[in-house]
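What follows is one structure encoded as structure tokens, with my remarks underneath.
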Amino acid sequence: PFALENWLQEPYQENPRRDNIVFVLNGEIVGFESFYFQNNFQTVARFAFRVKKDLRGKGYGRKMMELQLDYLKKYHTSVKYTLSAVPNFNLHDNDFTEKKFGERLTKCAVFNLRIDLSKYKIPDSIEDEELLSRLDKQQVEAVLKSSCSSNLLDQGCLHMNWVPILPVTHEDIEFAVRKDTQVLIEGSVDDPISLSVLTNPIPCPAGIRGSLDLYTFSTESCRNHLMQQIRNLFSAPRVISEKYKDKLLVLQIYVKQNQVEIARECLDIFGLLETHSVISESKFQRTNDTMYIYKDKLYK
């Protein structure tokens, strides 16, 4: 609800880059999708796609997908590509083909944590060690503008809390930088080695919700980012607020597939591994969910 309120206002602002659509069946709203336009309006990020629960698995979602593509072709004629973050909650891994979804830009393992703030406390045994540097918004902008950013991002794709971004233009970078985040870097602004983005929690029905996206290539880097950012999380304003002290903190962490084990070790050190759950259907017997990000041609 917190994010949705902002999204619904953005299309009415000056020079908007967002559009939202709802799907109606027999006078009732049964679906929603938000669009954010990037790369000089040539690429559109599609996210927050929702279908009413009792209509799922009956073909309505597929029809809504067709309708939204028709909508883009009719009302946003400059768009050439779509950008989508797709979870594997209800799909087999072999369903994720480029023929079906387009060019795969990246793939991440996802940890879903639900932390009871009334009970959780960071273990005293964890050292307050800061091996990584915190970036301000100007420094984040400088990193994304630099050609070095291509070494950090798979296929040039940035993802923050399920939102895919291709930071090509000044406006694209501004969209990423304006978010309420804590960004850590290994190396320097001119020569970054690894990066992590903690999106500070916002209100949600369960309490508050945040995310942690990692762009790391070694086990050691992954560990350092996780250890420092989880400590940062528990000093975030809403996390320490009296208003949310008895609420749930919902956190999603995104790491490379080959860094799942070190991520589990870090969460275990914090006593948080037991708060992790898998959203995917039980028939898949997964220990983690997966986020895929695809870029697809609008006209085929």
Side-chain angles (χ1 to χ4, degrees), residues 1-3 6 108-137 139-140 158-163 176-186 194-216 218-256 259-279 287-289 291:
F2 182 87
N6 293 331
C108 297
V110 184
F111 286 85
N112 306 289
L113 310 185
R114 294 176 67 85
I115 305 162
D116 186 342
L117 291 176
S118 69
K119 298 178 180 178
Y120 180 75
K121 181 179 181 296
I122 289 182
D124 295 331
S125 59
I126 294 178
E127 296 180 7
D128 191 13
E129 191 176 23
E130 297 199 357
L131 301 175
L132 307 167
S133 301
R134 187 188 297 259
L135 301 185
D136 61 27
K137 290 186 180 295
Q139 291 171 318
V140 175
L158 182 71
H159 48 84
M160 300 168 66
N161 197 15
W162 283 101
V163 177
V177 171
R178 78 184 190 189
K179 298 179 183 297
D180 182 16
T181 60
Q182 299 186 57
V183 180
L184 297 182
I185 194 172
E186 177 188 9
S194 62
L195 184 78
S196 61
V197 181
L198 173 64
T199 301
N200 286 320
I202 60 174
C204 70
I208 50 178
R209 178 180 182 273
S211 69
L212 175 54
D213 296 77
L214 272 66
Y215 305 87
T216 57
S218 71
T219 297
E220 183 180 2
S221 291
C222 182
R223 182 186 188 282
N224 291 340
H225 279 276
L226 280 169
M227 296 298 288
Q228 194 166 329
Q229 286 286 34
I230 292 175
R231 292 198 306 273
N232 289 341
L233 171 70
F234 286 98
S235 63
R238 287 193 176 94
V239 177
I240 62 176
S241 167
E242 284 291 311
K243 182 176 180 180
Y244 298 103
K245 67 178 183 179
D246 297 322
K247 301 292 186 180
L248 278 179
L249 165 58
V250 180
L251 178 70
Q252 291 186 311
I253 301 176
Y254 310 85
V255 301
K256 293 186 181 299
Q259 295 173 354
V260 167
E261 287 309 311
I262 188 61
R264 294 178 71 87
E265 289 178 22
C266 291
L267 291 175
D268 196 32
I269 291 171
F270 277 95
L272 292 173
L273 187 56
E274 63 187 26
T275 72
H276 166 58
S277 60
V278 177
I279 299 175
T287 56
N288 288 89
D289 297 306
M291 174 184 72

Any sub-3.5 Å donor-acceptor pair from Asn161's side-chain atoms to Gly210's backbone N or O?
no
Is the backbone N or O of Ile279 less than 3.5 Å from a side-chain atom of Asp289, with the two atoms forming a donor-acceptor pair by type?
yes
Checking Ile126 against Ile230 for the side-chain contact (heavy atoms from CB on, under 4.5 Å) test, could you report, in this order, the C-alpha distance in whole Å, the side-chain angles of both residues, the deciding distance, and whether it holds?
CA-CA 11 Å; Ile126 294 178; Ile230 292 175; over 6 Å; no
Please name all residues satisfying side chain to side chain contact (heavy atoms under 4.5 Å, CB included) with Asp246, sequence neighbours left out, ordered by chain then number.
Ser118
Please round to the nearest 0.5 Å and tell me the distance separating atom [atom1] of [X] and atom [atom2] of [Y].
{"X": "Gln259", "Y": "Glu220", "atom1": "CD", "atom2": "CD", "answer": "12.0 Å"}
{"X": "Ser211", "Y": "Gln252", "atom1": "OG", "atom2": "CD", "answer": "7.5 Å"}
{"X": "Thr216", "Y": "Leu226", "atom1": "OG1", "atom2": "CG", "answer": "7.5 Å"}
{"X": "Glu265", "Y": "Leu273", "atom1": "CD", "atom2": "CG", "answer": "10.0 Å"}
{"X": "Asp180", "Y": "Ile202", "atom1": "CG", "atom2": "CD1", "answer": "9.5 Å"}
{"X": "Arg114", "Y": "Leu272", "atom1": "CZ", "atom2": "CG", "answer": "14.0 Å"}

Shortest non-hydrogen separation from [X] to [Y] and the atoms involved:
{"X": "Tyr244", "Y": "Gly207", "answer": "CE2-O, 3.8 Å"}
{"X": "Ser221", "Y": "Glu186", "answer": "OG-OE1, 2.6 Å"}
{"X": "Ala109", "Y": "Val260", "answer": "CB-CG2, 3.4 Å"}
{"X": "His276", "Y": "Val278", "answer": "NE2-CG2, 4.0 Å"}
{"X": "Lys137", "Y": "Val177", "answer": "NZ-O, 2.7 Å"}
{"X": "Phe270", "Y": "Pro123", "answer": "O-CD, 3.7 Å"}

Suppose the criterion is side-chain hydrogen bond (donor to acceptor under 3.5 Å, both in side chains): which pairs have a residue in residues 223-235, not counting sequence neighbours?
Asp128-Arg231, Arg134-Asn232, Ser194-His225, Ser196-His225, Ser196-Gln229, Gln229-Asn232
Hey, can you tell me if Tyr215 and His159 have their rings parallel, tilted or perpendicular (30° and 60° cut-offs)?
tilted
Would you say the side chain of Arg264 lies within less than 4.5 Å of the side chain of Asn288, judging by non-hydrogen atoms?
yes
Would you say Asn200 and Gln182 are linked by a side-chain donor-acceptor pair, where the criterion is simply a distance under 3.5 Å?
yes
Just to verify, which of Ile208, Leu117, Leu249 counts as forming a side chain to side chain contact (heavy atoms under 4.5 Å, CB included) with Arg238?
Ile208
Evaluate the side-chain contact (heavy atoms from CB on, under 4.5 Å) criterion for residues Leu267 and Leu113: first the C-alpha distance (whole Å), next the side-chain angles of each, then the deciding distance (0.1 Å), finally the verdict.
CA-CA 10 Å; Leu267 291 175; Leu113 310 185; 3.8 Å; yes
Apply side-chain contact (heavy atoms from CB on, under 4.5 Å) to the pair Phe111 and Leu212, showing each step before the final yes or no.
CA-CA 10 Å; Phe111 286 85; Leu212 175 54; over 6 Å; no
